[in-house]
Amino acid sequence: MNDTRTTRRQLLRLGLAASSPAALAALSGCRPPNSESALPPGGESPAAQLSPQQQAINLEKWRRIRGKPYETGKLGAAPGVCQLPGPGAKRNWPERDKYKNTKQIPGMCQLCSTVCGIIGHVQDGRLVKIEGNPRDPNSRGFLCAKGHAGLNHLYHPERLLYPLRRVGPRGAGQWKRISWDEALDEIAARLKAVRDSGRLEEFAFHQGRLRSKDAVKRFLNAFGTRTQLSHRALCSGNRRAANLTYIWESDWDLNDVANTKYILNFGSNAFEAHQGHIPLASRIQDARFRNGAKLVTFDVRLSNTAGASDEWHAPFPGTDGAIALAMSHAILEAGLQDDSFLDRWTNVSAHELKEHLAPYTPEWAEKISGVPAADIRRIALEFAEAAPTCTTLCNRGSSAHLNGYYNDRAIHLLNAVVGNVGKKGGWCWSPWSSIDPALKPPPLPPTPATWSVLEDPPEYPLANVWRRMRVGEIIYLYLWQQRARLQVYMTYNLDSPLTWPEESLTQQVLTDEQRIGFHVCINCFYNETAHYADLVLPWATYLERWDLDARASYALRPYTGLRTPMIEPLGESRDIRDFFPELARRIGGGMEKWYPNESVQQYMERWAANVPANPRTGKSGLERLLDEGIWESDRQPYYEPHLRKLTDEELRGTITDPDTGIIAKDGVGIGIMVDGTPLRGFATPSRKFEIRSLFAQRVGRNQDCSELIRQSGVTRTANRPDAHQGHDVDIEPMPTWFQPVELRELSDDELVMTSFKWNVHNHGRTMNLKWLAEIVHTNPAWIHPDTARRLGLRDGDWIEITAYHSRELQRRSPHLSQDRSIEVDPRGRPIAGRLQVPVVVMEGIHPRVLAMSNSCGHWQYTSVAQAKKNTVAGTHLAGTDGALLRDADWERNMWWEDSTGGTPGKWKPNTGNGWNQNRVMPIAPDPVTGQQAFHDTVVSIRKIG
Amino acid sequence: MNGGFCWSADERRATAGLYRLLARLWLREVDPTLVDLLNRDPILAAFFPISCDTSSPLIDAAMLEMLSVDFCRLFVGPRGHRIPSQSVWQHGMLESETTVSMRQWIDLVGYASRVDSGNVPHDHLAVQLDVMAHILGQHDLWESHPEELESLAATYHAAHLSWASPLLDEVESRAETSLYRQLAHVTRDALRLVPA
Ligand code: SF4
């Protein structure tokens, strides 16, 4: 019947058949047969099952409007899409009045962890524009490109809108739609089985970017598992551990760049990607333009930050710490150190430090790093002369190495040497890493006492001491090695096959139903993790749900922002705040008591109750946040907290140790006596900035640290000598530096592979957004002209990369190789994987480095991320206006599709969706903290094609 | 195509019935009641053949699952699907201005259905077909104000039922079950019944 056109008569006969009472009953479920509408009622509630009363056409209105009730094109053909004017268009962009009649709703971006305050413009129930919220004290109204592309995220045509159940084998990609009721019933039954088994730790929640911490904690604590896995070790574990080793109270240095004169940047690409990206980048530029601040960057690659710096130096990979120690050496050698800070406020005197640093000369550092000693010395002295308005800056560039903990210890030390610690314009921090502590979430269940090797691997002594940083990259390996098993695995906003090292291992474990019994994935899009799920739940986007959120602010005081639904969640997408209570009630057994009967908004009202009234509007609590989006307290910025004098009230009942001057109350340190004045000091065991960390050393050796913890006053610090038994790790108490053996002995034909992020992408969640994918969608390997000459390579030529496991780790962390068969090449090098990619040749990279970006190489995550067009034969590219060069289409107009399928020799530059570097990146945790060494992989390359 | 709305009341009623049937099929997966209907009624069975032995629950379940999987693959996701919504097909996004326009039409013509529960886009083809069925089903108004109703129906059709051709092409070429291939085929012809 489908070969020929159906006649009118046949169709009318069909229509009549479909109008019979029996047909109407079948079409409409329980709908009375005389109803005029075929769409079945909801089925969710008895009320929804009633047939709605159809009304008559409003002819009077029709006469009045004499045409379409709604004229499309009010905001352009596809509002929300920012249409750039083509050559023939009137130059009236941006249209300033375009959004003046919109409803403005505050929110917070979540396309990276910076969580910039935003304002959504809503018209006719649709979000048509996202702007920065100028009230946000951290981001100050600025947004990056990703923030604007939130519209692509919200209205993406391939968003997940309904719960899905796997059909067929896991990973085969066949699905059917199910109802939320069915989905929640199944999850509840699985979780009840976990509870009945008595092994509650076998329910793991594995998060990617999580900003609803209270909601997850409530659910996991109420259930009784502590197996909450994260990606922190893939991100910032070393920098955090280095900060904590020095100051304990914060894992996040907030360089006061806005007030500084000199920024010494070791590998941070702040202008493109950083956990505080926009707030930091905008303040760096403020300092440069307003204070004349100098920005010096060390990076193996000419990033946008390096390129926009006053000086760029390209050191050998992972030698940042060596350079930093040499700089401290140079400053002490020149006598430019701050003796008073060192002697009074650190636990190592200037003299001792000078002796310790004696071997670390600039000449020594030059041999290791390749940066001329004269430059190291000159920059060190410039830095010291600018003190105290100078600061170091670092992030993954220095941290994501096997020696990253020591790199960052060495870098931070420079600040103590010049005495800028906590000073305006210097190296600062804030104890408020989240929302204002005045706002307490409604009471949470107590933390359960379960333990899982996945969450707390004993091999990494500093991973979970001060904070729970966890060691993300070992999760799938330990499951593979059967050191743990999961009955229920709930993933949330996670793309582990793409963002985790050793993609194939991740895939193998995710597919294995023996190792992971049941996998439920919560996500807005079908990504590489969802592909291996048993159930997929459609998650509401950050523009459709509630949170109170904030991060450590460069204003150095706490604030609180509101994430609120700008529109109702599309389709049947829901947030965990909405369905966790329902799930908890289905699981029962006491969980439900942590979920009183209230709406999410009522919960948020309770949480935000302490937001004070705005004297101008009289609004307080959630009402004020709904109005303004942000509330910032009027505390003083957190400068030099160690100098705060203890109050009489604080001093009541204290005892001062006559030897150390440490002031303690009930055995817990609260301050230190300095020249007869009781001061708060640093929140460390010595109450000083701890250049020498006996604590770190003792933790590594599994020695009892309870006394040190009491003295610090940071009593939540873990003292777990038992948990680590048998896993001794030597942690140097003083800042020092070592080089992994494979880098020390790098042969002439080997390179070091590093990774980087672009300014328009986060790691795994933005390549589906067309505005961003249009800008960056592929990632050929960057190589230096020397390498190109050696191998006869030109732009666009293809190479095969062979990546190797770390020899250093084979010696230090033999547990990583257990139960694995690792191929070894004729030279005895353990092979991690092979990858074929094209190259771009450029001077902007160290000659011994090969760099590949993250974010590319998706094989799921929508057709945009895969650069697959969906053009329907015989039709034009929807939404594309060739005359005006307008592109209102997100999906089909994909000019960068690679028609060669990635064939070496045929591939055209700037096409395709790139390659996932994690295919060849080995699992490589820093032995101290567990941070993944993304920048240390030794590779060899050969020309192909 | 008859070039105008010179239809009898019965023809309008039949067209409305056809649109309602199509709307239901586009809206969501078939259920046992609907399969039973499509199997039992000879005319419906001729258009939408489902070889399903309703007396055997096992075969029935397998057939229903196969149809659900095909529906999901084509219209729900998660990979390579295209929601049959005008916004997606015309503007490459969810909830473009055509959704707002549909909301206004729904208000104008007094149509009410589960679309208000928010889980189906207002410019979903199922809703759009059902709204047309609703317009055609206003028998008294068609008798009393035929010209205005014609103009309204034609305007509505042009705005919200003339976009679907690429969708129907794709469903015809990608469907793995005859039900959904046939759905696309019949819908294409059915859309020609109402003059644009
Ligand atoms: S930096 Fe960009 S992506 Fe990150 S929160 Fe801010 S606007 Fe969003």
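Below, read A as the first sequence line, B as the second, and so on, with proteins coming before strands; counting in each chain starts at 1. Values below: all heavy atoms of this structure, side chains included; hydrogens, waters and symmetry mates excluded. No experiment lies behind these values; they were computed from the predicted model shown.
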>> Donor-acceptor pair, distance only, cut-off 3.5 Å: does the side chain of B/His91 make one with the backbone of B/Met93?
In response: no
> Taking B/Gln90 for the side chain and B/Trp163 for the main chain, is one N or O donor matched with an acceptor at less than 3.5 Å?
Replying inline: no
>> If we define contacts as heavy-atom pairs under 4.5 Å, which of B/Arg73, B/Glu29, B/Arg103, B/Arg40 has the most with chain A?
In response: B/Glu29
> Taking B/Thr99, B/Leu37, B/Asp31, B/Thr33 one by one, which has the highest count of heavy-atom pairs under 4.5 Å against chain A?
Replying inline: B/Leu37
Quick check on [X] against chain A: is it the side chain, the backbone, both or neither that has a heavy atom closer than 4.5 Å?
X        : value
B/Leu25  : neither
B/Thr15  : both
B/Tyr156 : neither
B/Leu44  : both
B/Asp107 : side chain

>> Is it the case that the side chains of A/Asn527 and A/Gln860 hold a donor-acceptor pair, with the cut-off being a distance below 3.5 Å and no angle test?
In response: no
>> Could you report the tightest heavy-atom contact between B/Leu161 and B/Leu129, atom names first, then the distance?
In response: CD2-CD2, 4.0 Å
>> So which residue, A/Ala530, A/Gly173, A/Gly125, ends up with the most heavy-atom pairs under 4.5 Å with chain B?
In response: A/Gly173
>> As an exercise: rank A/Val167, A/Leu14, A/Ile567, A/Leu12 by heavy-atom pairs under 4.5 Å with chain B and give me the winner.
In response: A/Leu14
> Does the distance from a Lys or Arg side-chain N to an Asp or Glu carboxylate O, for B/Glu95 and A/Arg159, drop under 4.0 Å?
Replying inline: no
> Heavy-atom distance under 4.5 Å between the side chains of A/Ile57 and B/Tyr111, does that happen here?
Replying inline: no
>> Taking side chain as everything from C-beta outward and backbone as N, CA, C, O, which of these in A/Leu164 sits under 4.5 Å from a heavy atom of chain B? Side chain, backbone, both or neither.
In response: side chain
